[in-house]
Amino acid sequence: EMLDHEYFLVVLAKEPNNYRFLKVLDSIAPPAHGEDGGRKYHYRVIIPVSSEFVPIPSHPLTWTSIAYMVWDDIDPNSLSTEQQQALLDWIHWGGQLVVSGPGSLDTLKASFLAPFLPADSSGGRDLGVDELKELDEKWSLPSVKMPQESRRIELKGKRPLLGVTLVPRPESQVVPGTGGLVYERRVGGGRIVVSALP
């Protein structure tokens, strides 16, 4: 049973294990503890394993407890027509969809979400330290254990990150402080956000 202030954050990902870290983020469950000593959750992270069937509601009225959805390289045709319409209704009523790159935009190019995306992909690109600098400086947070140090974006083995070049659509705007790597677009009462990086 969820409390009044709790909502679901649903992750639809080709590689669901890549998103397990969300469950321990301070933005999901702040470090402050409740009266019973347990963490107080803002969001309940749901990461369903989906192969041929995507386990999400097919009626829009059953989406009211979902605040955010992360979409990462899921085949849009794996959703039924009813699920697709329910997702679009949810976005128009205030839902927040985050599309994680680099492969998702190509997968969504001819899908039911295509008319509402804030940007298109014009191909892959390497994202090195220089391309990530503004995003890193604006959004890196202090370490909880060592507040004098920030947790920075680190490239493993100093290799660049695989990303995409975003071509924004007229209805979209860049998310400030992201160096042009994240764009968003209002869709009814909600919005869709796309990132050039995973």
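Because the structure is predicted, anything quoted here is derived from the model rather than measured. Side-chain atoms are counted along with the backbone in the values below, which use heavy atoms only and exclude waters and symmetry mates.
- Within the model, atoms CZ of Arg44 and CD1 of Ile28 stand 11.0 Å from one another, a figure rounded to the nearest 0.5 Å.
- In terms of hydrophobic clustering, with Ile, Leu, Val, Met, Phe, Trp and Tyr side chains grouped at heavy-atom distances under 4.5 Å, Tyr41 and Phe21 are assigned to a common cluster.
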Before giving the answer on salt bridge (charged side-chain N to carboxylate O under 4.0 Å, His left out), spell out for Asp106 and Lys109 the whole-Å C-alpha distance, their side-chain angles and the decisive distance to 0.1 Å.
CA-CA 5 Å; Asp106 289 337; Lys109 194 175 287 186; 3.7 Å; yes
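- Separation of atoms CG (Leu155) and CG (Asp136) is listed at 9.0 Å; rounding is to 0.5 Å.
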Could you walk me through whether Leu97 and Phe116 pass the side-chain contact (heavy atoms from CB on, under 4.5 Å) test, one step at a time?
CA-CA 11 Å; Leu97 176 66; Phe116 307 101; over 6 Å; no
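- Atom CG in Leu12 sits 12.0 Å away from atom CG in Asp75 (nearest 0.5 Å).
- Nearest heavy atom pair, residue Ser104 against residue Asp73, reads OG-N, 2.7 Å.
- Taking the six-membered ring where tryptophan is involved, the planes of Trp90 and Trp63 are tilted, since the angle between them lies from 30° to 60°.
- Between Ser122 atom OG and Leu166 atom CG the span is 8.0 Å, to the nearest 0.5 Å.
- Residue-environment remark: CH2 (Trp139) stays at or below the threshold of 12 foreign heavy atoms within 6.0 Å.
- From Ile46, atom CD1 reaches atom CG of Leu22 across 12.0 Å, with rounding to the nearest 0.5 Å.
- Listed for the His59 side chain is no donor-acceptor partner under 3.5 Å among the backbone atoms of Glu82.
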Full working for side-chain contact (heavy atoms from CB on, under 4.5 Å) between Ile153 and Leu161
CA-CA 11 Å; Ile153 297 174; Leu161 193 63; 5.9 Å; no
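- Distance check, rounded to the nearest 0.5 Å: CG of Leu162 to CZ of Arg125 gives 11.0 Å.
- Hydrophobic clustering (ILVMFWY, side-chain heavy atoms < 4.5 Å, transitive): Val182 and Val174 are in distinct clusters.
- Smallest separation of non-hydrogen atoms from Pro48 and Val11: CD-O, 3.3 Å.
- Contact detail for Ile74 and Thr107: the closest heavy-atom pair is O-CG2, 3.5 Å.
- Tyr183 and Val167 sit in two unconnected hydrophobic clusters of ILVMFWY residues. Membership requires side-chain heavy atoms under 4.5 Å apart, directly or through other members.
- Remark: Tyr19 OH is packed, more than 12 non-hydrogen atoms of other residues, nucleotides or ligands lying under 6.0 Å away.
- If you chain together hydrophobic residues whose side chains sit under 4.5 Å apart, Ile56 and Met2 fall into the same group.
- The two residues Glu184 and Pro118 come nearest to each other via the heavy atoms C-CB, 3.7 Å.
- Checked by atom type and distance alone, the side chain of Gln96 pairs as donor or acceptor with a backbone atom of Gly94 at under 3.5 Å.
- When side chains are defined from C-beta on, His92 counts as touching Val187, because their heavy atoms get closer than 4.5 Å.
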side-chain contact (heavy atoms from CB on, under 4.5 Å) between Gln83 and Phe53: does it pass, once the steps are laid out?
CA-CA 11 Å; Gln83 288 173 318; Phe53 171 74; 4.1 Å; yes
How far apart are the C-alpha atoms of Met69 and Leu87, what are their side-chain angles, what is the distance that settles it, and do they pass the side-chain contact (heavy atoms from CB on, under 4.5 Å) test?
CA-CA 10 Å; Met69 177 176 282; Leu87 174 56; 4.0 Å; yes
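- Scanning all heavy atoms of the two residues, the minimum distance from Glu131 to Leu181 falls at O-CD1, 3.5 Å.
- Residues Val99 and Leu117 share a closest heavy-atom pair of CG2-CD2, 4.4 Å.
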